[in-house]
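Only one structure is covered here, and it is reproduced in the block below.
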Amino acid sequence: LLLYKIASYYAGDESITVKEWEAMYEEIIQTYLQCNISTKGKVAVEIGFLMAEKAIEEDRAEDALSLLRTLEICTQGKGLKNAGLNLKIAQILQRNSNLVFEAIPYYEKAIEGFEGNGYQNHYVKALACNDLAYANGLCGIQKEVFPNYEKATEIWTNYYPKDFEMNIT
């Protein structure tokens, strides 16, 4: 519930008045203060993700990247959150043609993290494989392009066929 309220706050619903925003903000703070240390840490990471998403939406990739790299230090581990964080960092790095080489290890860590957490055939792993293939192509690492596109295609065709329908004529 707390994260939902935070997400709503950051989404910036224009139908909500300033007074309602202030009340929502105060409620979020009061709820957060009542959480235990472990929950506060998890909430802080989620808030960081929301702030990074907002920065990306506002075309402030450098701010988002800085925030995500800070979160990377805070979430050191092999969980799904860390895998998602690595994927997001890689995607931001890839947007800058001078940083594509830096994106590749983040894609690889993301894929490893998804696989290590039971997401071997999940859509998000296929997305990471697809993005890794594209990054390898941009960097001229041709031997890695096809195998990664093939992994992505295999997941999408076998587990998400309606998303991957192809018309062959």
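Only this structure's heavy atoms are used, side chains among them; waters, hydrogens and symmetry mates stay out. Quantities reported herein were computed from a predicted structural model and do not represent experimental measurements.
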- To the nearest 0.5 Å, tell me how far Glu46 CD sits from Lys81 NZ. 3.5 Å
- Taking every heavy atom of Asn130 against every heavy atom of Ala152, the minimum-distance pair comes out as N-CB, 3.8 Å
- In this structure, are over 12 heavy atoms from other groups packed under 6.0 Å from Asp59 atom CG? no
- Would you say Val43 and Met51 are hydrophobically clustered, going by side-chain heavy atoms of ILVMFWY under 4.5 Å? yes
- Message: Applying side-chain hydrogen bond (donor to acceptor under 3.5 Å, both in side chains), can you list everything that pairs with Asp131, at least two apart in sequence or on another chain?
- Response: Gln91
- Applying side-chain hydrogen bond (donor to acceptor under 3.5 Å, both in side chains) to Gln34 and not counting sequence neighbours gives none
Donor-acceptor pairs under 3.5 angstrom involving side-chain atoms of residues 105-117: please list them, not counting sequence neighbours.
| residue | atom | partner | partner atom | Å |
| --- | --- | --- | --- | --- |
| Tyr106 | OH | Glu72 | OE1 | 3.4 |
| Tyr107 | OH | Gln94 | OE1 | 2.6 |
| Lys109 | NZ | Glu72 | OE2 | 3.3 |
| Glu115 | OE2 | Lys125 | NZ | 2.9 |
| Asn117 | ND2 | Lys78 | O | 2.5 |
| Asn117 | ND2 | Gly113 | O | 2.8 |

- The reported gap from CG in Leu93 to NZ in Lys88 (rounded to nearest 0.5 angstrom) is 12.5 Å
- Between CD1 of Ile155 and OH of Tyr123, what distance do you get to the nearest 0.5 Å? 11.0 Å
- Task: Measure the spacing between CG of Asp63 and CG of Leu67 and express it to the nearest 0.5 Å.
- Result: 8.5 Å
- Contacts of Glu62 that satisfy side-chain hydrogen bond (donor to acceptor under 3.5 Å, both in side chains) - sequence neighbours left out: none
- Minimum heavy-atom distance Ala61-Ile92, with the two atoms named: O-CG2, 3.9 Å
- Query: Minimum heavy-atom separation for Ile89 to Leu65, with atom names?
  - Reply: CG2-CD1, 3.8 Å
- Query: Hey, are the side chains of Lys54 and Glu57 touching, using non-hydrogen atoms and a 4.5 Å cut-off?
  - Reply: yes
- Query: Do the side chain of Thr157 and the main chain of Thr153 share a donor and acceptor less than 3.5 angstrom apart?
  - Reply: yes
- If you take all heavy atoms of Cys129 and Lys151, which pair is closest and at what distance? SG-CB, 4.0 Å
- Message: Once salt bridge (Lys or Arg N to Asp or Glu O under 4.0 Å) is applied, do any residues pair with Glu102, and if so which ones, sequence neighbours excluded?
- Response: Arg69
- Query: Got a sec: does the OH of Tyr160 have more than 12 other heavy atoms crowding it under 6.0 Å?
  - Reply: yes
- Rounded distance (nearest 0.5 Å) linking atom CG of Leu127 with atom NE2 of His122: 11.0 Å
- Leu71-Ile56 co-clustered via ILVMFWY side chain contacts under 4.5 Å: yes
Can you list, pair by pair, the side-chain donor-acceptor contacts under 3.5 Å of residues 132-149, counting residues two or more places apart and other chains?
| residue | atom | partner | partner atom | Å |
| --- | --- | --- | --- | --- |
| Asn136 | ND2 | Leu132 | O | 3.1 |
| Asn148 | ND2 | Glu144 | O | 2.7 |

